[in-house]
Protein chains: 2
Amino acid sequence: MAVGQTDFPVMPPISGVQLGTANAGIKQTVRDDLLIFQFGEKATCAGVFTQNAFCAAPVHVAKAHLSQSPRWLLINSGNANAGTGEQGMRDANQTCADLAGITGGRAGQVLPFSTGVIGQSLPVEKITVALPNAVTNLAENNWQAAAQAIMTTDTFPKGVSKTIQLDGENVTINGISKGAGMIQPNMATMLSFIATDAKISQPLLQQCLARAAELSFNRITVDGDTSTNDACILIASGESNTPEILMNSQNYVIFSDAVLAVAKELAELIVRDGEGATKLMRIVVSEAASDAEAVQVAKTIAHSPLVKTAFFASDPNWGRILAAVGRAGVENMELEKIRIYLDDVCIVRNGGRADDYTEEAGQAVMNQAEIQIGVKLGRGDFSQTVLTCDFSYDYVKINAEYRT
Amino acid sequence: MAVGQTDFPVMPPISGVQLGTANAGIKQTVRDDLLIFQFGEKATCAGVFTQNAFCAAPVHVAKAHLSQSPRWLLINSGNANAGTGEQGMRDANQTCADLAGITGGRAGQVLPFSTGVIGQSLPVEKITVALPNAVTNLAENNWQAAAQAIMTTDTFPKGVSKTIQLDGENVTINGISKGAGMIQPNMATMLSFIATDAKISQPLLQQCLARAAELSFNRITVDGDTSTNDACILIASGESNTPEILMNSQNYVIFSDAVLAVAKELAELIVRDGEGATKLMRIVVSEAASDAEAVQVAKTIAHSPLVKTAFFASDPNWGRILAAVGRAGVENMELEKIRIYLDDVCIVRNGGRADDYTEEAGQAVMNQAEIQIGVKLGRGDFSQTVLTCDFSYDYVKINAEYRT
């Protein structure tokens, strides 16, 4: 059901970043469900994690290990190790120790990530048995296999690659992600792993990632829920021939924008694969008094089940969009100043349906698979975009039939 | 599809409050779609209105007229007079003037209410023609006809009646309401009209209504949306034989609790008639640090499409409930202190699935049509309850097939 799904792109290797997958049998399919990233000692690593108060065990461990010069990521699909209490913490730490034992590192240098069924113990033994295979398979040219190994309910593997030039030298940024609902607490979680051969300090890399995540993964929603396991990691191997990227430099601006572009494309792929999605909606709120206000209005529209079901039905139901804007909690909003567009077709103006609006024009836009909802608030100069998808019978089916 | 629908109750007359209905042909059905309340000069009248920034025209007019000693309510179904700009304001005022012309009052003494299709001009002429019939039909014994006249997508008329004793004399409180989604912007709106023969000043009546609405209509949600037309009105005719109810009196406590009880029952009837509802969920959040925190957690659960689809499937999916609690935005919540119950069955304790939980016990509760979700936060002594319903194929069907 993915909206406008694209083929997996060509992803060149990132010098200094190796990926290895294996089948641990957690998901009991023929597909690999274990993935390791390995990167060198001079690499830097940044991370952003779920805001959910109830982080899963691996998120706690990954956060703690992020400051200990990490050299490995260890990701399993099929089991989220969430809602597993103290045992879950022991299990997450054990898998880190196992990988460190094989590779000769410290357990604190391993960041663990899990996605899958909630509330069941992590099958540590299966992971222990499969880890040597994943280590044996480590190679720089494994990005598609890696993208496949982290899939749960995803209907296609998600990858994005961009190459930029800094001081005449190539720098490549590769990213993979998984996620289909923002949360499906049994088969859960948005995970994204981005790697580059750029050389950049950890604090600056963290700043770069925080901006990119805020403007990409934090600007999408499938159902308004936030997983206990969400994480996004950015690794910089430092193996490219460009000098270190410094704060406030032109190279930082170019690099940071390229990371943002990769993150935005990964985020869009997640929405395209939204559970039951038949339409991609790009909600652009402009003329807001602040960025926060623009995001607030856009997310209220994006979370409205009434708006989402209307789009599923290809119904240009401007009343539902207008009512969502009205309940977004923005003070002193003036109805008369609001204009709402479906692509280029104005549907609301002067407090009601636009005089020149025709049902035919609205219907023509609604029949598309990708639609921009433009909302101009008439309050200021700020603009923000949120991506979402529609709400279909299949969303209910997927989430109702999913059994504990 | 209503959950546990009850028959319309016997509703005794409220002395001093007359109701009259007529068929104005707005909905083009045989059902009456026009309703008038008439009450005496000594009656007091209180109102609470939608928080949506884009109030419909009749809401603006009703708010303005509330302070002008109102004597009539004028309600039409079939057209919401919302998103209608300046013309909508003129139309709402015109219908008030028409009714005042027939009854010999002032237009400012009429509070107008509209519910139905958004964005279409109010058919004022149809209302003008039908108003004399509604006036002719005025009688104290018309409560069921009144409840039917305000229905839109409701599947049954909603009424509640309670009689209390104050100083040995009977005081009766009658209420009717309509609403099936919190908003269906074409066939929109929650409306409730409550009347009593008690004698009570307007400011105290307003205080009584504000409390009752906050703890009833503001504690239910079908889909998280808020209509542009929502309103609740409380009329006190002062015709009972009891003395005036005074602030801080024992009689006020009894009366206020009875009004709250009527409002709660009306609110519950709206949830039972939620679009596509197959289950009624009573979400009780206790041991919270404040009432606001309890409401916040309860509403986050109530608005989660993942929780709502799980309940539709009768799936005791504790992970989804726990994840919703975690993303409710409460600072410093401790996972280990949370306990979650389905009726009396504990499903979450010590950060994960309760040790003594069995799938059979959870399934037995989930198979019921009415379920209490209990969440104990372990943070304080505050407790609040929110009612909601599940999210079914029929919700998508009703809202996707509804055409502009």
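So that the names make sense, note that chain A is the first sequence line, chain B the second, and so on, each numbered from 1. In this text, all values refer to a predicted model and were calculated from it rather than measured experimentally.
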Self-check item: Euclidean distance, B:His60 NE2 relative to B:Asn81 CG, rounded to 0.5 Å
Solution: 10.5 Å

Quiz item: If you measure from the Lys or Arg side-chain nitrogens to the Asp or Glu carboxylate oxygens, is any gap between A:Arg339 and A:Glu287 under 4.0 Å?
Solution: yes

Exercise. For chain B, find which of A:Gly326, A:Cys55, A:Gly351, A:Gly83 contributes the most heavy-atom pairs closer than 4.5 angstrom.
Key: A:Gly326

Quiz item: Who are the side-chain contact (heavy atoms from CB on, under 4.5 Å) partners of B:Ala288, not counting sequence neighbours?
Solution: B:Glu293, B:Ala294, B:Leu377, B:Phe382

Quiz item: Out of curiosity, B:Thr153 OG1 to B:Asp273 CG, how far, rounded to the nearest 0.5 Å?
Solution: 7.5 Å

Quiz item: What part of A:Glu334 gets closer than 4.5 Å to chain B, counting heavy atoms only: side chain, backbone, both or neither?
Solution: backbone

Self-check item: Part of A:Val325 within contact of chain B (heavy atom distance under 4.5 Å)
Solution: both

